[in-house]
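Worksheet: the structure to be examined is printed underneath.
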Number of protein chains: 2
Amino acid sequence: MPKRADLSDTLCPVGRSAELLGDRAVLLILRELLFGRRRFELIAANTGLGPQLVSARLKMLVAEGVAERRAYSERPLRHDYWLTDKGKALFDILYAMRNWSERWAYAPGETGDGPAIRYVHRTCGADVGTAKICPGCGAELGYGDLKGEPSPALKAEQVSRTA
Amino acid sequence: MPKRADLSDTLCPVGRSAELLGDRAVLLILRELLFGRRRFELIAANTGLGPQLVSARLKMLVAEGVAERRAYSERPLRHDYWLTDKGKALFDILYAMRNWSERWAYAPGETGDGPAIRYVHRTCGADVGTAKICPGCGAELGYGDLKGEPSPALKAEQVSRTA
DNA sequence: GATAGTAACTATGATAATCATAGTGACAAG
DNA sequence: CTTGTCACTATGATTATCATAGTTACTATC
């Protein structure tokens with residue numbers, strides 16, 4: 001393909017974020033980072049993406065100010081990736097994606113009898129289901145407010161990817 | 001590139017929707033459909049995508065049950081594209097993208113003095129800003145609840161695309 | 001009634017992004 | 001001094017994307 005058209009100068013807010021998020025690799029890497037999986041090899045394994053793609057996208061995310069690269073060990077020198085505030089704010093989008101999928105993306109019974117990931121509000125303990133505000137306490141739900149519990153089937157899939 | 005890896009069988013809800021949404025063309029076309037722009041040529045013009053890409057993606061969206069193709073004229077035979085309920089539910093995701101961009105994706109003053117798109121709650125008239133629930137009446141905000149008003153600069157951009 | 005639109009597409013060739021696989025550099029452990 | 005770990009980089013085959021032009025089936029105008 002020719003160089004993909006650049007949308008970063010459009011004034012449309014959906015277009016702007018589409019430039020960043022309209023890319024499978026980016027979405028998967030952000031999922032990993034939002035789940036607190038920060039190491040290169042773990043991200044590559046969990047997403048199934050090749051190291052070259054992971055490398056290229058992480059560099060881009062750092063350049064965009066969405067993630068930052070930190071040394072977590074000096075000897076041997078090792079780096080991992082953390083979300084910035086700008087990156088953490090993407091939680092709302094990925095959470096909306098999760099909510100849509102739980103409702104529309106599975107065949108009946110495909111996830112067992114519950115959702116693929118059960119989310120609980122950390123501060124009040126309520127199961128939030130797919131709500132935008134906590135049904136227990138009415139608080140808005142943002143980055144870090146939820147504790148996710150993958151279904152047994154999903155957990156098994158995750159284990160098989162890293163094995 | 002080789003055939004892109006298929007994620008549609010992953011049990012992760014973010015992975016599932018990433019298969020659909022991790023594509024610039026899809027996001028832009030969904031934006032058009034959510035804004036009520038249903039005709040092929042208009043979608044192509046507003047997104048800047050070539051007709052072949054628009055055609056391929058619309059076919060996919062129809063196959064996925066996100067959109068449907070309807071005849072709006074018999075003589076001459078002409079078709080356009082409408083969102084299904086499954087498609088309308090994607091509003092939450094695009095709205096979250098818009099909210100993120102309004103906060104993080106513009107240089108200071110780039111959009112004038114307000115947001116790139118001002119959204120007003122249809123039923124109560126309140127300016128919702130970038131809230132998830134209406135600050136005026138407390139209602140949840142979904143597809144069709146909001147009336148968007150693009151800033152003068154964005155409106156000019158849209159006009160220039162269709163000219 | 002021949003020419004010029006209009007709208008929704010399809011066809012073609014050049015280019016570049018992606019994948020799979022293998023390899024590198026710097027260090028630690030046995 | 002060989003093996004292992006981790007964060008990458010290198011290479012070649014494949015294919016999606018872009019730009020541009022063309023097609024089909026009508027309607028409207030001259």
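Values below: every heavy atom of this structure, side chains too, minus hydrogens, waters and symmetry copies. So that the names make sense, note that chain A is the first sequence line, chain B the second, and so on, each numbered from 1.
Checking dA22(C), dA7(D), dA28(C) against the side-chain heavy atoms of Arg78(A) singles out dA7(D) as nearest. Nearest to the side chain of Arg57(B), among dA16(D), dC27(C), dC19(C), sits dA16(D). Proximity note for Arg69(A) (side chain, C-beta onward) versus dT9(D), dC27(C), dA7(D): the nearest is dA7(D). With distances taken from any side-chain atom of Pro51(B) to the nucleotides dA7(D), dC9(C), dA8(C), the minimum falls on dC9(C). Set against dA8(C), dC27(C), dT17(D), the side chain of Pro76(A) has dC27(C) as its closest nucleotide. Taking only side-chain atoms of Gln52(B), from C-beta outward, the nucleotide of dT17(D), dA7(C), dA11(C) with the closest atom is dA11(C). Checking dC26(D), dC6(D), dA8(C) against the side-chain heavy atoms of Arg39(B) singles out dA8(C) as nearest. The side chain of Asp23(A) approaches dT18(C) more closely than any other nucleotide in the set dT18(C), dC26(D), dA28(C).
The shortest distance between the side-chain N/O atoms of Ser55(B) and the OP1/OP2 oxygens of dT10(C) is below 4.0 Å. Look at Lys59(B) and you won't find any side-chain N or O under 4.0 angstrom from OP1 or OP2 of dA8(C). The phosphate of dC9(C) (OP1 or OP2) has a side-chain N or O of Tyr81(B) nearer than 4.0 angstrom.
Positionally, the nearest nucleotide of DNA chain C for Tyr72(B) lies more toward the 5' end than for the other of Tyr72(B) and Arg75(A).
The NE2-C1' distance, from His79(B) to dC26(D), rounds to 13 Å in whole Å. In this structure, Leu58(B) places its CG atom 11 Å from C1' of dA8(C), rounding to the nearest Å. Whole-Å rounding puts the Leu49(A) CG to dT21(C) P distance at 15 Å. Between the P atom of dT18(C) and the CZ atom of Arg24(A) lies a distance of 10 Å, rounded to the nearest Å. Atom-to-atom, CG of Asn46(A) to P of dC6(D) comes out at 14 Å; the value is rounded to the nearest Å. Between Asp80(A) atom CG and dC6(D) atom C1' the separation is 12 Å, expressed in whole Å. dT6(C) atom P lies 15 Å from atom CG of Leu42(B), rounded to whole Å. A straight line from CZ of Arg70(A) to C1' of dA7(D) spans 18 Å, rounded to a whole angstrom.
With 3.5 Å as the limit, one finds no donor-acceptor pair spanning the side chains of Tyr81(B) and Arg38(B).
Ring planes of Tyr143(B) and Phe91(B): perpendicular class, angle over 60° (limits at 30 and 60°). Aromatic ring orientation, Tyr119(A) versus Tyr95(A): perpendicular (interplanar angle above 60°, classes split at 30° and 60°).
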Run Val66(A) and Met60(A) through side-chain contact (heavy atoms from CB on, under 4.5 Å) and show every step you take.
CA-CA 9 Å; Val66(A) 166; Met60(A) 196 206 76; over 6 Å; no

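Linking Ile, Leu, Val, Met, Phe, Trp and Tyr whenever their side-chain heavy atoms come within less than 4.5 Å leaves Leu146(A) and Val120(A) in two separate clusters.
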